[in-house]
Each structure stands twice: as C-alpha cells, then as structure tokens.
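First up is the structure itself, then whatever we jot down about it.
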Number of protein chains: 2
Amino acid sequence: MRKTKEETKLTIKKVLEIATLKFAEDGYANVSLEDIVQETGLTRGAIYHHFKNKKGLFASVFEEVQKEIAQTIEIEAMKSNDKWIQLINGCRAFLTAASETAHQRILLIDGPAVLGWDTFRKLDQQYAMSGLKEQLIIMNQDNSIDLKDISVEALTHSLSGAMNECALWITEKNDRHIAINEAVQVIENFMLGWKKK
Amino acid sequence: MRKTKEETKLTIKKVLEIATLKFAEDGYANVSLEDIVQETGLTRGAIYHHFKNKKGLFASVFEEVQKEIAQTIEIEAMKSNDKWIQLINGCRAFLTAASETAHQRILLIDGPAVLGWDTFRKLDQQYAMSGLKEQLIIMNQDNSIDLKDISVEALTHSLSGAMNECALWITEKNDRHIAINEAVQVIENFMLGWKKK
DNA sequence: AATTATACATACATAACGTATGTATAATTA
DNA sequence: TAATTATACATACGTTATGTATGTATAATT
C-alpha cells in the first residue's frame, strides 16, 4: 500500500490541483472533502495524511496560487529597467493575472475569510505586498518618486487594496482588456502625484 | 406560545444583535446557530422561523451593519458644503467607522465569502459605493474635479478597495488615530491629481 | 365564537469534519 | 540480506452542525 516518494509527490500534486479547481469554481464552503476525494480517486484518509485538515489543504492551495502570481508579476516587472515602468507593469501584470486566473476567488475572497485576516496578511505580505512596498521604497530613495511625508505603509495598503478590488471588478466585465487598461490608468494617475519628472 | 407582533419584533432584534456580536467576534464559520440559540434563550426553530437559514441570518446582519455605516458617512460628509471636503470627510468617516466598529469582520472579510462576490457587490453598491460614485460624478460635472478620460467606475472601485484594505490595516495598528490620518492623506493625494484648483 | 395564521419548540434526518486504527510496503538499519 | 521502522494510504466510527418536518399554543382575523 505504501507508495514510493516520487509517487507520493504526484498524489499530493494531484490533490492540490483538483482542490484548486474545486475551490476556485465553487468556493471553499461549497466544496466538501468528499468531492475532492472522489475526483482524486483517493480516500479521506489520504488527504488527512498529507494535510492537517480542510483548512490546511486550503492554505496550501492558497500559497501555491499566491506564488504563481508573484512570479508572473516579477517577470513582467523586470522586463524594463525604468523603475516607474516596472511599477506600472507590475500593477498591470497583477491585474491581468489576478483577474484572469480562475483562482481569484481563492486569493481574494475565500483567502481572508478562511485563513483569517492575520494569516492572510502575513502570506500576502510575504508574496505580494512586500514586493510592492520595496519597489516604492527603492523608488523613493533613488528619486524616481518623492513620497514626501506620506506613510509608505498606508500607500502600499491603499494600492494593494485598490488593485485587489479592481481585479474582482475586471473579472465581471465582458471586455477584460478594456477594464484592465482603465484600472491601470487609474492606478498610474494615483501615483502620478509623487512622480519626479 | 404565539407572541404579539411587538414581542416578535423584539425577538428578531435580539437575534440580530447577538448574531452580530458573535459573527464579529468569532467569524461566520466559527459561530454555530447553537451558540446563538443559547445566548438568546430561544431554539433553532425560532431562528429558522424568522430567517431562511444561517446564511440568511448573516445577510440580515450584514445589511444592518452596512446601513449603519452608510448613515454615519452621510452625516459626516454633509457637515460641509464644499464638495471636495465632503469627499474627504466621507472617506475619513468610512475609515473611522469601518475600522473602529467590531463589525468590520462581517463587512469586509466574511461578507464577500459568505454572500458571494456578486451579492456582496450588489449590497455594497446599494449602500456604500453608490454614494461614492455619485459624489465623484457630481464633482466632475460641477468642475470640482476633472476626471478627463478616466473611467469613473474604475476609479470608484479603486478608491473603495483602497479604503476597505486600509480599514483592515488601521484596525491592527495600535494608534488608530495616526493610521487613519495617514490613510486619509494617501486617499486625498490619490484624488489631488484631478482636483480643479 | 370559530377559524386561521403565526411564533415558536421538539424531534429527527443528513451531511461534513475529524480521529482512531489497521495494513501493506517502501525505506532504513543491523 | 534479514529485521525493523517509518509512512502512504484505507476503513470505520464518533461528533457536530445544518436544515427540515411536525406539533402546539395563542394572537389575529373573520
């Protein structure tokens, strides 16, 4: 009955993939472990062996999605050397990724509710917001922007919140491309006040 | 066993009050109807008589909290005749109310997850965001601001999202007063680009 | 005065979570 | 390589929470 380490990795991956799909489609509360069990062809025992409980499984799923998006952003942002363009491109990449992926329900809706605000914040900080904050600090230091007496933390949270909400808004628009542009334009205008020309 | 209409009103009010407290403290998922039943001294039957189910009870609670905050904002905003000051005061009032009330978990965290994004958005639109959007449109028309080619919708969502996130951030800071000021400053700066001098 | 509607209570069916335990076999050690 | 141990699951069960069906007393209505 015991599987090889390679096989084990595969089963975990399989569970995560299916759980991600189900959670994204139906929402955490509407997915029972039994659903996941059936689609994976495993049993409850298997899942409880690899994950602490339903919430633990969700946490793993959440982190995976988070990582994936963070990577996408990093890649897109780094396509330019201009710090300002990096910022804007990063924002666009987030809006695109977070609104297109079927995973946004996991990331933005169920995430905070299931994990709790503090846990969510820690993870969001680790993967998503730290990058944004650092970028702002760097830009402030090398004079790409001048934040003056503005609180970087408040600014970071404001931008992050604005983009999270926009991602959800974009998803329900029929022409996502237009909506993304509109959102990026707003975000860029938000920052324009601090831009050093 | 049957109560008079007055008494009925009171029981409903009692259930709502206790449910609000419990949901705010422990979160929707961690509150069982049994908890509420015990604290109200009623039975499950009573609750299912007045509300469709647990989610329905939460929806009622959510709407109450929403209404309450909307009122506070309206009152604060209308203390000035200057449209710009109305906007900023409204934002400050929201940040204050949504971060100080113990109800923010209901409003910002559980709300979207339990009700679903679309329902949440509809209610949020009805009570919170419509006011903001209207204010922006009015200001744009009477030349308090000039939004140019910016999408009002995208702007509204951005501001709303920024403030929601800030409200949560403010709550976990030890000096809320300072944090509120920092957040208001950011929001005001966001809008400054469009302000007609 | 008779009827009806309603504000609950009680009892039960169902579903979902989580835990305890068992087992086969891969991995490790002797 | 034989013996031991650790682990990847499966099975079975206990518990809890939701929701539904039904009963009953009494306020409201006719």
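Protein chains get the first letters and strands the later ones, always in sequence-line order, with residue 1 at the start of each. Values reported hereafter were calculated over all heavy atoms of this structure, with side chains retained and with hydrogens, waters and symmetry mates removed.
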For [N], give its Watson-Crick or G-U wobble partner with both distances under 3.5 Å, or none.
N: dA9(C); value: dT22(D)
N: dA28(D); value: dT3(C)
N: dC17(C); value: dG14(D)

Exercise. Looking for any heavy atom pair under 4.0 Å, which part of the strands does Val37(B) touch: base, sugar-phosphate only, or nothing?
Worked result: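 Nothing, no nucleic acid heavy atom in range.
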For this session: Name the nucleic acid region contacted by Thr43(A), choosing base, sugar-phosphate or nothing; use a 4.0 angstrom heavy-atom cut-off, strictly under.
Result: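 Result for Thr43(A) = base.
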Just by distance, do the side chain of [X] and the backbone of [Y] share a donor-acceptor pair under 3.5 Å?
X: Ser160(A); Y: Thr156(A); answer: no
X: Ser80(A); Y: Gln86(A); answer: no
X: Asn140(B); Y: Leu136(B); answer: no

Without decimals, in angstroms, what is the distance between [X] [atom1] and [N] [atom2]?
X: Glu34(B); N: dA9(C); atom1: CD; atom2: C1'; result: 13 Å
X: Lys13(A); N: dA8(D); atom1: NZ; atom2: C1'; result: 19 Å
X: Lys52(B); N: dT18(D); atom1: NZ; atom2: C1'; result: 13 Å
X: Leu33(A); N: dT16(D); atom1: CG; atom2: P; result: 18 Å
X: Asn30(B); N: dC17(C); atom1: CG; atom2: P; result: 15 Å
X: His49(A); N: dT23(C); atom1: NE2; atom2: C1'; result: 13 Å
X: Glu7(A); N: dA27(C); atom1: CD; atom2: C1'; result: 13 Å
X: Glu6(B); N: dC8(C); atom1: CD; atom2: C1'; result: 18 Å

From [options], pick the nucleotide closest to the side chain of [X]?
X: Ser32(B); options: dC17(C), dA8(D), dT18(D); value: dT18(D)
X: Lys54(B); options: dA27(C), dC17(C), dG19(D); value: dG19(D)
X: Tyr48(B); options: dA27(D), dT18(D), dA7(C); value: dT18(D)
X: Thr4(A); options: dA26(C), dC9(D), dG19(D); value: dA26(C)
X: Ala46(B); options: dC8(C), dG18(C), dA28(D); value: dC8(C)

Exercise. Distance only, no hydrogens: is a donor on one side chain within 3.5 Å (strictly under) of an acceptor on the other, for Thr171(B) and Gln104(B)?
Worked result: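 Present: a donor and an acceptor within the cut-off.
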Exercise. Under a 4.0 Å N-O cut-off, is there an ion pair linking Asp118(B) with Arg121(B)?
Worked result: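 Salt bridge absent between Asp118(B) and Arg121(B).
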Exercise. Looking at Lys173(A) and Glu153(B), does any basic side-chain N land under 4.0 Å from a carboxylate oxygen?
Worked result: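 A salt bridge links Lys173(A) with Glu153(B).
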Exercise. With nearest nucleotides of DNA chain C determined for Val31(A) and Gly45(A) from heavy-atom distances, which residue corresponds to the more 5′ nucleotide?
Worked result: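 Whichever sits nearer the 5' end wins; that is Val31(A).
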Exercise. Would you say a side-chain N or O of Thr11(A) is under 4.0 Å from OP1 or OP2 of dC9(D)?
Worked result: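 So the side-chain polar atoms of Thr11(A) do come within 4.0 Å of the phosphate oxygens OP1 or OP2 of dC9(D), strictly under.
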Exercise. Start at the 5' end of DNA chain D and walk down; is the nucleotide closest to Thr8(A) or to Arg44(B) reached first?
Worked result: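 Looking at DNA chain D, the more 5' nearest nucleotide goes with Thr8(A).
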